[in-house]
Amino acid sequence: MGINFALSSPKKKTQTEKTNYNKFEFDWRTHMKTSTKRTILAAAISSACLLTAMPSYAEGEFTANAGATSNYIWRGLTQTVNEAAVQGGIDYAHESGFYAGTWASNVSYASDDIYSYEHDVYFGYSGESDGIAYDFGYLYYNYDAEAEFDFAEIYGSVGMGGVSVTVYLLAHTEADEAEGQDFGFGQAYYASLDYTTEILNGTELTLHAGYHSGDFVDAFNFGDGTDSYADYGVTIAKDGFSFAVTGTNLDDVGADALDNDELKFTVGYSVDFEL
């Protein structure tokens, strides 16, 4: 992709109050999220994967993707209380470099919270010049209406020789700020560094490191004052199958179903097909 709030409005995934309210795929969509947005497992958004995954269509073409993962990880954090997720989306890419798409997954941050799904909509422009790949765009995260915590980011990435750097900036959100918090444009960001290389007959190895910071980070993910953290991961993928090991520098938050301070091992499978 792919997500806890300590505000007066419903919270999403608070580690300290998980009772009521609260992507890595190998393609940027996975967590923009976890196994998240196209191949499932990836430690956060791998721009390089994104850029290399975007086909160069002669005129423009629609494709679809579907997958399943044992745990939906987004920026190092589980989005499904460490349980399985089914994900899929539709994309359009034009020879000019313009692309747009939508993607969805089930989510859960506590056994009885109000979150059940994440639906993302995005568009952007990608290309390559003198061996340097680039991509920039807009991504909107939509959740259950009762949560009132939809938000959007703008992003940009550059990649060369298997190395990519990506930055996401908070653009806007429907969530209300608590006293002392700032959810303004650019007041929260996620930056990542990824390296992807081919090993063992087409198997791809990706190394990932990311850093998330801002008041919105705490509101959306923790609600306990933790406004920044780092995540890291290693992913191996081939023919739609992927295996990832991810972790964060978060301290032990006590007994809960999230365990975001521990290493997570995730397996997944995804498939892309033309429409």
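Here, residue 1 is the first one in the sequence, and each next residue gets the next number. These figures come from a predicted structure and were not determined experimentally.
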What's the shortest heavy-atom distance between [X] and [Y], and which atoms?
X: S105; Y: Y72; answer: OG-CD2, 3.7 Å
X: G161; Y: Y195; answer: O-CE1, 3.9 Å
X: H208; Y: D231; answer: NE2-OD2, 2.8 Å
X: G180; Y: D215; answer: O-OD2, 3.7 Å
X: L263; Y: V245; answer: CD2-CG1, 4.3 Å
X: A152; Y: Y138; answer: CB-OH, 3.4 Å

Would you sort out whether H119 and T102 count as a side chain to side chain donor-acceptor pair (under 3.5 Å), showing the intermediate values? CA-CA 7 Å; H119 174 224; T102 183; 2.5 Å; yes
Show the numbers, then the answer: is there a side chain to side chain contact (heavy atoms under 4.5 Å, CB included) between E61 and E274? CA-CA 8 Å; E61 192 167 322; E274 296 184 3; 2.5 Å; yes
Can you tell me if [X] uses its side chain to pair, donor with acceptor, with the backbone of [Y] under 3.5 Å?
X: T266; Y: S70; answer: no
X: E177; Y: F183; answer: yes
X: S129; Y: I132; answer: no
X: E204; Y: E198; answer: no
X: D218; Y: G223; answer: yes
X: Q181; Y: A178; answer: yes

Interatomic spacing from [atom1] in [X] to [atom2] in [Y] - rounded to 0.5 Å:
X: T196; Y: L207; atom1: OG1; atom2: CG; answer: 8.0 Å
X: N260; Y: N82; atom1: CG; atom2: CG; answer: 7.0 Å
X: D272; Y: S270; atom1: CG; atom2: OG; answer: 6.0 Å
X: K264; Y: L258; atom1: NZ; atom2: CG; answer: 7.0 Å
X: Q187; Y: D227; atom1: CD; atom2: CG; answer: 12.0 Å
X: Y141; Y: T173; atom1: OH; atom2: OG1; answer: 12.0 Å

Hey, any chance [X] and [Y] share a hydrophobic cluster, counting ILVMFWY side chains that come within less than 4.5 Å of each other, even indirectly?
X: I90; Y: Y92; value: yes
X: L169; Y: F123; value: yes
X: Y109; Y: Y117; value: no
X: F241; Y: V271; value: yes

T69/V267 under side chain to side chain contact (heavy atoms under 4.5 Å, CB included): CA gap, chis, key distance, verdict: CA-CA 6 Å; T69 175; V267 294; over 6 Å; no
Could you walk me through whether S157 and Y134 pass side chain to side chain contact (heavy atoms under 4.5 Å, CB included), step by step? CA-CA 6 Å; S157 65; Y134 55 86; over 6 Å; no
Do [X] and [Y] come within less than 4.5 Å of each other through their side chains, counting heavy atoms only?
X: I154; Y: F185; answer: yes
X: I114; Y: Y143; answer: no
X: V234; Y: L205; answer: yes
X: N106; Y: V86; answer: yes
X: N249; Y: D261; answer: no

Residues forming a side-chain hydrogen bond (donor to acceptor under 3.5 Å, both in side chains) with Y189, sequence neighbours excluded: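 Counting only residues at least two positions away or on another chain, Y189 forms no side-chain hydrogen bond (donor to acceptor under 3.5 Å, both in side chains).
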Do we see a donor-acceptor contact under 3.5 Å between the side chains of [X] and [Y]?
X: T78; Y: N71; result: yes
X: S116; Y: D144; result: yes
X: D91; Y: Y122; result: yes
X: T235; Y: S242; result: no

Does the pair Y168 and Y155 meet the rule for a ring pair (Phe, Tyr, Trp, His ring centres under 6.0 Å), with working shown? CA-CA 4 Å; Y168 288 84; Y155 58 87; 5.3 Å; yes
Aromatic contact, F98 with Y125 (centres under 6.0 Å):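 Ring centroids of F98 and Y125 are no less than 6.0 Å from each other.
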Run the ring-centre check on W103 versus Y140 and record whether the distance is less than 6.0 Å.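 Ring centres of Y140 and W103 not closer than 6.0 Å.
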Apply the test side chain to side chain contact (heavy atoms under 4.5 Å, CB included) to residues D120 and L139: give CA-CA distance (whole Å), side-chain angles for both, the deciding distance (0.1 Å), then the verdict. CA-CA 7 Å; D120 303 338; L139 169 64; 3.8 Å; yes
In terms of side-chain geometry, is the basic nitrogen of E153 or R75 positioned less than 4.0 Å from the acidic oxygen of its partner?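 Between R75 and E153 there is a salt bridge, with a charged N closer than 4.0 Å to a carboxylate O.
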In sequence, state the C-alpha distance, the side-chain angles, and the governing distance for F216 and F151, and then conclude on ring pair (Phe, Tyr, Trp, His ring centres under 6.0 Å). CA-CA 10 Å; F216 189 76; F151 68 98; 5.0 Å; yes
Does Y229 have any ring pair (Phe, Tyr, Trp, His ring centres under 6.0 Å) partners at least two apart in sequence or in another chain, and if so, which?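 Result, ring pair (Phe, Tyr, Trp, His ring centres under 6.0 Å) vs Y229: H212, F222.
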